[in-house]
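Report on the following structure.
Keep in mind that this is a model prediction, so the values were computed, not measured. Heavy-atom basis, side chains included; hydrogens, waters and symmetry copies ignored.
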Amino acid sequence: MELAMIGLGRMGANMAERLVRGGHAVRGYDPGDAARQQAEARGIVVHANLQNAVSSLPTPRVVWLMVPAGHVVDDTLDQLRPLLSAGDTVIDGGNSNYKDTQRRAALLSDAGIHYVDCGTSGGVWGLAEGYSLMIGGDAEAVARLEPVFATLAPARDSGWGRVGPSGAGHFAKMVHNGIEYGMMQAYAEGFAILKKKQEMDFDLGALADIWREGSVVRSWLLDLTADALKKNPEMQGIAPYVADSGEGRWTVAEAIDLNVSAPVITLSLLERLRSRDDDSYADKLLAAMRNEFGGHAVKQG
């Protein structure tokens, strides 16, 4: 197939390269000069502007967006709409909020343009290993794009699929990331306990390797954790500050709206927020309370 990849950052460029390797013709565009140059060096046909990238495609056109969620998607769609016509398809492969996706799909459908949402997981390893693709949108539109999804996925018949109507792909990816938060937190806490048991002198990287084979907690995430522990067992040079992409927050909000108890995902999000407070007022107040009711000593800071 022929398509345009809009957004040639780490994920977009890797996906474009995997598609080119799979025999597809990809036209790339990114507003950043450096991103365009790097993509071109990797064998991707790059255009200097969005209009040229889109106009180079045969009709019906297929345009894949790999841009940051939020207003950047809306801004890009505002530029795209005059360049597209009925029968064309736009795929949003980023981490958009599913409610925004449903709104955008309704807006484009008025012009006869299909809007497909594709929750994409795989990170920096996707180029070599393939991507897990959770796809939402019109069934016929998704079916026409099967060669693209089959190339990006780990295998032609696995690791990808249409999961429901418009917004379903991004909703599934949102929950996927919420689960990821919980798994990461559990691994981090477990290894912190092992690290603290100093008299056992655990080699955490070696122990993680043992768990990778046969253990019920084995996973690709554990594979990556083992690599990280072997490279830097003391976590030197890494600040105890954990960012979040927003999808964990959306997952927790949906759990509340749907009256679903999700304490593990919720607490893992709160722990990330806590990691950013290096001068916790709440903890200071807790110490002051203990002093007030029990006369417990307060450590001077």
Side-chain angles (χ1 to χ4, degrees), residues 1-16 19 24-40 44-120 133-138 140-142 144-145 148-149 152 165-174 245-247 249-250:
M1 296 189 70
E2 297 186 46
L3 69 155
M5 180 67 70
I6 310 304
L8 298 172
R10 184 170 54 192
M11 284 282 284
N14 279 352
M15 294 172 77
L19 287 168
H24 301 279
V26 180
R27 285 88 162 108
Y29 170 71
D30 192 286
D33 291 339
R36 292 199 303 273
Q37 292 170 5
Q38 290 169 8
E40 196 166 28
I44 301 164
V45 176
V46 175
H47 291 271
N49 58 66
L50 184 62
Q51 182 173 353
N52 287 351
V54 175
S55 64
S56 69
L57 296 173
T59 56
R61 304 174 189 87
V62 177
V63 178
W64 191 304
L65 303 184
M66 284 305 293
V67 300
H71 72 88
V72 178
V73 177
D74 288 314
D75 293 346
T76 305
L77 288 175
D78 287 343
Q79 298 175 56
L80 274 173
R81 285 183 67 191
L83 307 176
L84 301 176
S85 55
D88 293 345
T89 301
V90 177
I91 308 165
D92 181 358
N95 286 333
S96 291
N97 187 295
Y98 80 96
K99 295 177 181 177
D100 289 335
T101 297
Q102 291 174 326
R103 169 179 57 80
R104 292 161 183 154
L107 185 65
L108 290 179
S109 69
D110 292 340
I113 300 169
H114 303 288
Y115 195 72
V116 172
D117 51 295
C118 182
T120 307
L133 306 174
M134 298 143 269
I135 305 159
D138 177 73
E140 291 185 7
V142 173
R144 287 194 296 270
L145 298 168
V148 172
F149 297 133
L152 288 172
S166 178
H170 282 151
F171 191 94
K173 178 55 164 43
M174 175 191 73
S245 63
E247 294 202 310
R249 301 181 186 220
W250 302 341

So how far is it from [X] [atom1] to [Y] [atom2], rounded to the nearest 0.5 Å?
| X | Y | atom1 | atom2 | answer |
| --- | --- | --- | --- | --- |
| Arg10 | Met66 | CZ | CE | 10.5 Å |
| Asn52 | Leu57 | CG | CG | 11.0 Å |
| Gln79 | Leu84 | CD | CG | 11.5 Å |
| Ile6 | Asp92 | CD1 | CG | 12.5 Å |
| Leu145 | His114 | CG | NE2 | 9.0 Å |
| Trp64 | Ile91 | CH2 | CD1 | 5.0 Å |

Check whether [X] reaches the backbone of [Y] with its side chain - one donor and one acceptor, N or O, closer than 3.5 Å.
| X | Y | value |
| --- | --- | --- |
| Asp88 | Ile113 | no |
| Ser96 | Thr101 | no |
| His170 | Gly94 | yes |

Is there a side-chain contact between [X] and [Y], using heavy atoms and a 4.5 Å cut-off?
| X | Y | result |
| --- | --- | --- |
| Arg61 | Ser85 | yes |
| Thr120 | Lys173 | no |
| Leu152 | Met15 | yes |
| Leu19 | Leu3 | yes |
| Leu65 | Leu77 | yes |
| His47 | Asn49 | no |

Where do [X] and [Y] come nearest, in terms of heavy atoms and distance?
| X | Y | result |
| --- | --- | --- |
| Ala16 | Ile44 | CB-CD1, 3.6 Å |
| Tyr115 | Leu108 | CD1-CD1, 3.3 Å |
| Cys118 | Ile135 | SG-CG1, 4.0 Å |
| Met5 | Gly12 | CG-O, 3.7 Å |
| Ala53 | Gly28 | CB-O, 4.5 Å |
| Leu8 | Ala39 | CD1-CB, 3.7 Å |

Taking everything shown except Glu2 itself, do over 12 heavy atoms lie less than 6.0 Å from its CD? yes
Begin with the C-alpha distance, continue with both residues' side-chain angles, and end with the deciding distance and a verdict on side chain to side chain donor-acceptor pair (under 3.5 Å) for Arg104 and Ser166. CA-CA 10 Å; Arg104 292 161 183 154; Ser166 178; over 6 Å; no
After noting the C-alpha distance and the side-chain angles of Val142 and Phe149, does the key distance pass the side-chain contact (heavy atoms from CB on, under 4.5 Å) rule? CA-CA 9 Å; Val142 173; Phe149 297 133; 4.0 Å; yes
Apply side-chain contact (heavy atoms from CB on, under 4.5 Å) to residues Val62 and Val148 and explain how you reach the verdict. CA-CA 10 Å; Val62 177; Val148 172; 5.6 Å; no
Any carboxylate oxygen within less than 4.0 angstrom of a Lys/Arg side-chain nitrogen, looking at Arg103 and Asp74? yes
